[in-house]
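Before I ask anything, let me first share the structure, which is written out below as structure tokens.
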Amino acid sequence: MSSENILRLITVLVILTCCIEQGFSIKCWVCRSDSDPKCADPFDNSTVPITDCKQEPDLEHLPGVRPTMCRKIRQKVNGEWRYFRSCAYMGEPGIAGDERFCLMRTGTYNIFMEYCTCNSKDGCNSASKDHGSLLLLLFTMIIPLGYVLCFS
């Protein structure tokens, strides 16, 4: 097999891997710190089972929309922090390899909210904004391999 064919095969496998990963359901932590203090940061998942988001119910106001990401909401109301972790039906995940992108909102009466969404891996809404990317790792391993195969 020529090095050109090997490179084509690797390219096809990477594309298929990306497509297949998108088709699977994501699993997220689902909890509220007002009912389970271990849901706050630092997160302790010993009392929280991970939830398969494909099992989450359809929402009346979003017909046909399924959860494809995990969400973590950090909220400060009158000086008290609250944390909510759930499956996310809408939103934008952070940049691949760096899902620290969060929407922050402040309001009157000492209210602060931070919405973070991710879809890099199951349970990605557990950490306090420090995530890696399997796809980025895959590319950093395959690109040098393709280079070696093509030019050796």
Next item on the list: Measure the spacing between CZ of Arg66 and CD of Glu56 and express it to the nearest 0.5 Å.
Entry: 8.0 Å
Notebook entry, point to check: Between Ile50 and Trp29, is any pair of side-chain heavy atoms under 4.5 Å apart?
Noted result: yes
Margin query: So does Ala88 get a backbone contact from the side chain of Arg71, meaning a donor-acceptor N/O pair under 3.5 Å?
Written below: no
Notebook entry, point to check: Does one side chain, of Thr47 or Asp36, offer a donor that lies under 3.5 Å from an acceptor on the other?
Noted result: yes
Check: Atom NZ of Lys121 and atom OG of Ser126: how far apart are they, to the nearest 0.5 Å?
Finding: 6.5 Å
Notebook entry, point to check: With a 4.0 Å cut-off, would you call Lys72 and Asp41 a salt bridge?
Noted result: yes
Margin query: Quick check against the 3.5 Å criterion: does Arg74 have a side-chain atom that pairs as donor or acceptor with the backbone of Ala40?
Written below: no
Next item on the list: State, with a plain yes or no, whether a side-chain heavy atom of Val48 is found less than 4.5 Å away from one of Lys38.
Entry: no
Checklist line | Cluster overlap Ile73 with Leu103, hydrophobic side-chain contacts below 4.5 Å | finding: yes
Notebook entry, point to check: Stepwise, does the disulfide (SG to SG under 2.5 Å) test hold for Cys124 with Cys70?
Noted result: CA-CA 7 Å; Cys124 61; Cys70 297; 3.9 Å; no
Margin query: Quick one, Trp81 and Phe112 - any side-chain contact, counting heavy atoms below 4.5 Å?
Written below: yes
Margin query: Are Val30 and Leu59 linked, directly or through intermediate hydrophobic residues, by side-chain heavy-atom contacts shorter than 4.5 Å (ILVMFWY only)?
Written below: no
Notebook entry, point to check: How far does CD of Gln75 sit from CZ of Arg82, to the nearest 0.5 angstrom?
Noted result: 5.5 Å
Margin query: Assigning hydrophobic clusters by single linkage (Ile, Leu, Val, Met, Phe, Trp, Tyr; side-chain heavy-atom cutoff under 4.5 Å), is Ile111 placed with Tyr115?
Written below: yes
Next item on the list: Check each of Cys116, Cys31, Ser33 against Arg85 using the side chain to side chain contact (heavy atoms under 4.5 Å, CB included) test, and report the only one that passes.
Entry: Cys31
Note to self: If you define the side chain from C-beta out and look only at heavy atoms, does anything of Asp122 sit under 4.5 Å from Ile26?
What the structure shows: yes
Note to self: I need the Asn125 CG to Cys28 SG distance, nearest 0.5 Å.
What the structure shows: 5.0 Å
Notebook entry, point to check: Who are the salt bridge (charged side-chain N to carboxylate O under 4.0 Å, His left out) partners of Asp34, not counting sequence neighbours?
Noted result: Arg32
